Amino acid sequence: MPRKMTKLGQHFLIDHYTINMIVGYVVSNSNYNLVEIGPGMGALTIPVLGLGHDITAIELDSNIVPKLQAKSGCGDRLKVINKDALHVDFSELPHDSGLCVFGNLPYQISALLMLRLGQYDGLVKKMIFMVQKEVALRLAAAPGTHEYGRLSVMVQAWCEIKIVLAVAKDCFSPPPKVESSVFIATPRVRMSTAAMDWDLFEKVVRLAFRHKRKMCYSSFKQFLTVDQWHDLGFSATLRPSDLSVEDYISLTKHIQNNVPLDIFVSNA
Ligand code: SAH
């Protein structure tokens with residue numbers, strides 16, 4: 001495969017069943033402003049436009065943009081932004097009813113994009129993405145499983161992930177090396193995270209997972225006594241993958257309220 005295609009993750013969807021399923025999920029969320037990441041030659045874009053819904057699309061490949069505009073024949077109803085999706089300020093896109101962001105994501109940006117979208121408080125209402133199966137499993141993983149890690153905790157703290165479709169390699173042209181999955185992500189109503197410092201949360205989760213096999217208590221023992229650890233409802237033998245997302249939220253809030261931030265940051 002030419003180098004540029006690998007870098008841009010250009011694997012175009014050709015399987016009608018998969019296309020119809022994803023388009024169905026997108027259209028059922030068309031009460032929100034639709035934003036597509038990586039429209040390519042329009043495998044998803046054109047059917048969604050055809051059903052009467054406007055789209056703002058973000059496409060990095062400048063060669064593709066005019067071809068897509070011409071192929072769609074939709075004039076202003078398709079607005080293409082020629083940029084890296086990781087450098088777009090999503091709050092500047094039309095969003096009067098909130099955003100539904102969707103796409104067959106270039107694999108190298110999928111995890112980072114999920115973390116970035118979480119930083120816009122309340123802006124994103126739904127996400128429908130196809131990613132590498134292994135990334136989808138990490139995003140959706142439950143505590144105690146092999147796939148559960150930093151990415152699962154960081155993303156699940158702001159949204160619920162449901163894998164809805166498995167997609168085989170031959171559904172794409174050219175076929176990728178790995179299987180894919182489609183997932184739907186719905187932001188949580190942020191009850192427990194309302195007063196939480198998200199930067200601190202990121203640091204707490206990073207510190208916990210720095211050593212996956214190490215007992216969590218020992219990673220935090222400079223900041224919390226064993227009594228405080230027990231007061232949080234945790235046993236001293238828990239490992240990072242045993243703590244739920246809610247546990248990490250409680251741990252962060254406890255540190256936020258009891259440990260001066262500069263002490264935490266300089267010792268973490
Ligand atoms: N949606 C199309 C194309 C998917 S391939 C289909 O399903 O057939 C992934 C697309 O994302 C390609 O068009 C690629 O050029 C684009 N892309 C790659 N990196 C990107 C980035 N950082 N930001 C926006 N688009 C990107």
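Any value given below was found using the heavy atoms of this structure, including those in side chains, with hydrogens, waters and symmetry copies removed. Model, not experiment: these values are computed from the prediction.
Between I161 and A140, the closest heavy-atom pair is CG2-CB, 3.9 Å. When all heavy atoms are compared, the tightest approach of L78 to A57 is CD1-CB, 4.1 Å. Looking at every heavy atom in both residues, I22 comes nearest to V182 through CD1-CG2, 3.9 Å. Listed here is the closest heavy atom pair of R77 and G52: NH2-C, 3.3 Å. Closest approach of L44 and P47 over heavy atoms only: O-CD, 3.3 Å. Looking at every heavy atom in both residues, K125 comes nearest to P187 through O-CD, 3.2 Å.
Residues Q132 and S110 bring no donor and acceptor atom of their side chains to less than 3.5 Å of each other. Judged by distance alone, the side chains of Y217 and S235 never bring a donor and an acceptor atom under 3.5 Å apart. Defined by atom type and a distance below 3.5 Å, a donor-acceptor pair is present between the side-chain atoms of K126 and T186. Between the side chains of E59 and N82, no donor-acceptor pair is found at a separation under 3.5 Å. Side-chain contact of D89 with S91: a donor-acceptor pair under 3.5 Å is present, judged by distance alone.
Annotation: side chain of F183 is in contact with side chain of V131 (closest heavy-atom distance under 4.5 Å). Inter-residue side-chain proximity for P176 and Y107 is flagged as met; some heavy-atom pair is nearer than 4.5 Å. Using a 4.5 Å heavy-atom cutoff, the side chains of C100 and I128 are in contact. Side-chain contact between V35 and I55 is absent, with no heavy atoms from C-beta onward closer than 4.5 Å. Two residues are said to be in side-chain contact when any heavy atoms from C-beta on lie closer than 4.5 Å; V23 and V27 meet this criterion. A heavy-atom distance below 4.5 Å is not found between the side chains of K83 and L60. With contacts defined as side-chain heavy-atom distances shorter than 4.5 Å, the pair F220/L251 qualifies. A heavy-atom distance below 4.5 Å is not found between the side chains of Y32 and V124.
Contacts of S181 classified as side chain to side chain contact (heavy atoms under 4.5 Å, CB included), with partners at least two apart in sequence or in another chain: K133, A136, I163. For P66, there are no side chain to side chain contact (heavy atoms under 4.5 Å, CB included) partners, not counting sequence neighbours. In this view, S250 and L232 satisfy the side chain to side chain contact (heavy atoms under 4.5 Å, CB included) rule, not counting sequence neighbours.
In this structure, the side chain of R188 engages the main chain of Q156 through a donor-acceptor pair within 3.5 Å. Not a single donor-acceptor pair under 3.5 Å links the side chain of D197 to the backbone N or O of Q256. Within the 3.5 Å criterion, the main-chain N or O of L243 finds a donor-acceptor partner in the side chain of Y148. Using modelled atom types, one side-chain atom of D242 and one backbone atom of R239 make a donor-acceptor pair closer than 3.5 Å. Of the possible donor and acceptor atoms, none in the side chain of R138 sits under 3.5 Å from a partner among the backbone N and O of L151. At distances below 3.5 Å, at least one donor-acceptor pair connects side-chain atoms of K253 with backbone N or O atoms of S192. Without hydrogens or angle criteria, N33 side chain to D96 main chain gives a donor-acceptor distance under 3.5 Å. Looking only at distances, no side-chain donor or acceptor of S72 sits under 3.5 Å from a matching main-chain atom of I46. Within the 3.5 Å criterion, the main-chain N or O of K221 finds no donor-acceptor partner in the side chain of W229. Side-chain N or O atoms of S244 include one that pairs as donor or acceptor with a backbone N or O of D247 at under 3.5 Å.
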### Pair V88-L86, side chain to side chain contact (heavy atoms under 4.5 Å, CB included): steps then yes or no
CA-CA 6 Å; V88 168; L86 295 176; over 6 Å; no
### Query
Going through the checks in order, is the side chain to side chain contact (heavy atoms under 4.5 Å, CB included) test met by F12 and N104?
CA-CA 8 Å; F12 300 108; N104 165 13; over 6 Å; no
### Query
Given the rule in the ring-ring contact (aromatic ring centres under 6.0 Å, His included) test, do F209 and Y248 qualify, once you have shown the distances and angles that lead to the verdict?
CA-CA 11 Å; F209 282 97; Y248 280 107; 5.7 Å; yes
### Stepwise side chain to side chain contact (heavy atoms under 4.5 Å, CB included) test for I249 and M196
CA-CA 8 Å; I249 293 169; M196 188 179 76; 3.9 Å; yes
### Query
side chain to side chain contact (heavy atoms under 4.5 Å, CB included) between Y25 and F102: does it pass, once the steps are laid out?
CA-CA 9 Å; Y25 293 129; F102 71 99; over 6 Å; no
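Here C216 contributes atom SG and H211 contributes atom NE2; the two are 11.5 Å apart, rounded to the nearest 0.5 Å. The distance from the NZ atom of K71 to the CD1 atom of I64 is 10.0 Å, given to the nearest 0.5 Å. The distance from the CG atom of L115 to the CZ atom of R150 is 7.5 Å, given to the nearest 0.5 Å. We find the CD-CG distance between Q10 and D61 to be 5.0 Å, quoted to the nearest 0.5 Å. Atom NE2 of residue H16 and atom SG of residue C171 lie 11.0 Å apart, to the nearest 0.5 angstrom. Distance CG/D199 to OG1/T252: 11.0 Å, rounded to 0.5 Å.
Ring-plane geometry between H11 and F172 is classed as perpendicular, the angle between the planes exceeding 60 degrees on a 0 to 90 degree scale with a lower cut at 30.
Connection of I14 to L8 is not established within any shared hydrophobic cluster, with ILVMFWY side chains joined at heavy-atom distances below 4.5 Å, either directly or through further cluster members. Taking hydrophobic clusters as Ile, Leu, Val, Met, Phe, Trp and Tyr residues chained together by side-chain heavy-atom distances below 4.5 Å, I37 shares a cluster with L123.
Atom NE2 of H230 has more than 12 neighbouring heavy atoms from other residues, nucleotides or ligands inside a 6.0 Å radius. Atom NZ of K214 has more than 12 neighbouring heavy atoms from other residues, nucleotides or ligands inside a 6.0 Å radius.
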